[in-house]
Amino acid sequence: MRIKIVCCCISLVFSALLTAQENQEVSIESLLHEMVDRDAVARYPDNNFRLNQASSYNRASKTVEDSIGWFTNHDYNNTKTDTDHNFIRTEETNGEKEWVLMEHFGPGAIVRVWSPWLEQTKPGSDIIIRIYLDGNPEPVIEGNMITLFDGTGLIPPPFAHPSLRSGVSFFPIPYAKGCKITALKQPFFFQYTYRAYDEGTPVKTFTMDDFNNAQPLIAKIGEELNNPINTTDGKLISIDKKIKLNKEAFVELPQGVGAVRSLKLKLDDYKDPAITRSVILKMEFDGQETVWTPIGDFFGTGIGLNPVQGWYQTVEEDGSMSCRWVMPYQKSGRITVLNLGKNTIDVELEATVGDWTWDDDSMYFNAAWRGQYPVPTRPFSDWNYVTLKGRGVYVGDALTIMNPVRRWWGEGDEKIWVDGEDFPSIFGTGTEDYYAYSWGGRSTEFYEHPFHAQPRSYIYNKLNPKTTNEKNTSGYSTETRTRALDGMPFEKSLQLDMEVWSGTDCDMGYGLGVYWYGDANTTSNRTPDPKGVLELPPLPKGFPDHLEKK
């Protein structure tokens, strides 16, 4: 009898601990820790939420069947003519008019903000916004919609970032009961991405006192984001081999439960830009292949060697490419390098495998590739990044575009459906807001940030920085985005489409790497395409080639 009572008490204590863990209070501090917790990304979130977005998307876009409204490109508010009313409503308080941009009732957290310059050659904006939390009539934050989020105001870098002609912030602003964001004059483009937590999720609402008290932690997390480190804790598995055409080399991972915690790859020669598309990285865990992606699209360099540093991926000037996605498995794993190119390659690969505790929330890392050439820009269309079925979390992508003309190619909106919803819960205003810059026709400079980057645009990259103010978006452009707090959980399905919307009737080339975590039975519509990776979209006739010869 005594043994039964003891066992019962132990069971109750264990259950209480699990409940406490699942109901951990969401706060500034918890979200900052989660932002740099790579293990957390590999588990389905304990505090269940749906990622939602308030943006200035064109309100004429209502149904896919309406081909005119669905592709109308008036996804802003004209501040000069008082047209294109792409906001929720206006309201008046004490004689003062405010434009409501976002309104959410229930527990949540703002996890990403994008605000573009009002004019493409003139920095900033004169629009003031207010953030109200939990129904409080007084805003907790008020300020300029650019400087609040570009690293020069309240929120410090790297959480807030000037990007290119915009302010972008990933600093978390949690709230327990609701959030409303308003502007004090007619707004321009805007985008506020937030977590909508399940009802009953305990959340500690953002206050300026808590923000000020968190400054030491903010500085610590900011330092980590700016200086990502490949872990050395674990068992090092490596190969250094020459691989002939249509041959491969692989390493077996240690048997039993474990997780790849860092992966580094380097080729001996990058003179041919196509090599980053023709060398394929494959991975299988517990008998299932979950990764089949060209190395350029996997590490975010695109076509050619375009150095860039982010929180999850780094490409160095000497050609070393590394990633820090945590990739757990239960029994076995294998990492393979496949050479589909013309010549023999010499590849060095190192994987660090550490411990992992597998539970019901553990997920497998996946990466896949899709390419297409030509992609006609007329009639307007949506280009599917990926469609996923099952449970998982979408965590990023790297898009490489071949644009045959000088004019801007990326007006198309992102449209993301989760769990079979009738209308996308994420509906943006173009590739600019999705990849965190603005005025894309002019913004051809290299830039990088822990969670987004433009490793290359036109002829410019980190090795060849832009020194003029020209407008030319022809040739290859690579845009990357990886997700931490703005990861997108799905329980049944996720569909991500990007609208093809160029200012010119022409044929473009698309190449895309996508990354997600999922259960063993989660599936995608992407399959290996060894033929497609070799069909490199050709550069425009007469395109400058000095970057290709580096």
Side-chain angles (χ1 to χ4, degrees), residues 73 75-76 78-80 114-127 144-147 149-153 157-158 160-169 188-191 273 301-309 317 377 399-412 429-449 452-481 501-504 506 508 539-550:
N73 193 37
D75 43 16
Y76 60 98
N78 194 318
T79 59
K80 296 179 181 179
W114 171 80
S115 294
W117 289 7
L118 197 58
E119 300 178 21
Q120 62 177 296
T121 58
K122 184 180 179 181
S125 169
D126 62 352
I127 299 173
N144 184 280
M145 71 180 302
I146 302 293
T147 58
F149 306 117
D150 69 358
T152 64
H161 176 57
S163 188
L164 297 179
R165 295 169 173 81
S166 62
V168 183
S169 173
F188 189 40
F189 289 91
F190 64 86
Q191 188 178 98
T301 183
I303 295 173
L305 182 62
N306 300 293
V308 64
Q309 177 172 291
E317 293 186 13
T377 63
L399 174 68
T400 296
I401 290 288
M402 194 293 295
N403 180 24
V405 297
R406 295 173 62 95
R407 293 183 66 189
W408 174 232
W409 53 266
E411 286 293 329
T429 67
T431 56
E432 294 151 298
D433 70 62
Y434 188 85
Y435 292 111
Y437 61 106
S438 62
W439 298 107
R442 189 176 294 277
S443 294
T444 53
E445 299 97 325
F446 165 86
Y447 81 97
E448 63 184 5
H449 177 270
H452 54 82
Q454 182 170 257
R456 173 171 176 170
S457 183
Y458 181 41
I459 60 172
Y460 303 115
N461 67 4
K462 199 172 190 176
L463 303 176
N464 181 44
K466 184 177 180 180
T467 58
T468 69
N469 199 31
E470 66 188 307
K471 293 179 68 173
N472 190 336
T473 63
S474 64
Y476 297 133
S477 292
T478 296
E479 322 293 337
T480 70
R481 178 173 177 182
W501 212 112
S502 168
T504 306
C506 61
M508 297 172 60
L539 288 167
K541 185 177 181 180
F543 188 84
D545 64 351
H546 64 275
L547 190 64
E548 311 312 322
K549 295 179 180 179
K550 284 186 178 292

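Counting from 1, the numbers follow the sequence of the chain as shown. What you see is a predicted model; the values in this text were computed from it and never measured.
Classified by interplanar angle (parallel below 30°, tilted 30° to 60°, perpendicular above 60°), the ring pair Y447/H452 is tilted. Note on ring orientation: taking the six-membered ring where Trp is involved, the planes of H161 and H449 are tilted (angle from 30° to 60°).
Across all non-hydrogen atoms, the minimal contact from I401 to M508 is CG2-CE, 3.4 Å. Contact detail for T400 and G302: the closest heavy-atom pair is OG1-CA, 3.4 Å. Shortest non-hydrogen contact noted between P116 and S166 is CA-CB, 3.8 Å. Counting all heavy atoms, side chain and backbone alike, T504 lies closest to V405 at OG1-CG2, 3.8 Å. Closest approach of F188 to I127, counting heavy atoms only: N-CD1, 3.8 Å. Minimum interatomic distance between P455 and N461 (heavy atoms only, all atoms of both residues): O-CB, 3.1 Å.
Rounding to the nearest 0.5 Å places CG of N469 at 7.5 Å from CD of E445. A distance of 10.5 Å separates CD in Q191 from CG in D75, rounded to the nearest 0.5 Å.
Every residue two or more places apart in sequence or in another chain that forms a side-chain hydrogen bond (donor to acceptor under 3.5 Å, both in side chains) with S443 is listed here: R165. Remark: W501 pairs with F380 by the ring-ring contact (aromatic ring centres under 6.0 Å, His included) rule, at least two apart or across chains.
Counting heavy atoms from C-beta outward, T429 and W114 have side chains that approach closer than 4.5 Å. Side-chain contact check for F446 versus L463: every heavy-atom pair is 4.5 Å or farther apart. A heavy-atom distance below 4.5 Å is found between the side chains of Y437 and E479. Proximity of Y476 to N306: side-chain heavy atoms (C-beta onward) are nowhere separated by under 4.5 Å. Between N472 and T444, the closest side-chain pair of non-hydrogen atoms is not below 4.5 Å. Between P404 and K541, the closest side-chain pair of non-hydrogen atoms is not below 4.5 Å. Counting heavy atoms from C-beta on, the side chains of S477 and N403 never come closer than 4.5 Å.
Judged by distance alone, the side chain of S115 and the main-chain N or O of G167 form no donor-acceptor pair under 3.5 Å. Panel note: side chain T473, backbone R406; a donor-acceptor pair is recorded below 3.5 Å. Remark: side-chain polar atoms of D433 are paired, donor with acceptor, to backbone N or O of G430 under 3.5 angstrom. A side-chain donor-acceptor contact under 3.5 Å links R456 to the backbone of Y458. The closest donor-acceptor contact from the side chain of T301 to the backbone of G304 lies under 3.5 Å. Counting only distance, with no hydrogens or angles, the side chain of T431 and the backbone of G410 share a donor-acceptor pair below 3.5 Å.
Sorted by first then second residue, the salt bridge (Lys or Arg N to Asp or Glu O under 4.0 Å) pairs that include residues 457-467, not counting sequence neighbours, are E448-K462.
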Quick one, Y76 with F189, criterion ring pair (Phe, Tyr, Trp, His ring centres under 6.0 Å). Give me CA distance, side-chain angles, the key distance, then yes/no. CA-CA 5 Å; Y76 60 98; F189 289 91; 5.3 Å; yes
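Of the residues listed (R442, Q454, E432), the one engaging L164 in a side-chain contact (heavy atoms from CB on, under 4.5 Å) is Q454, and it is the only one.
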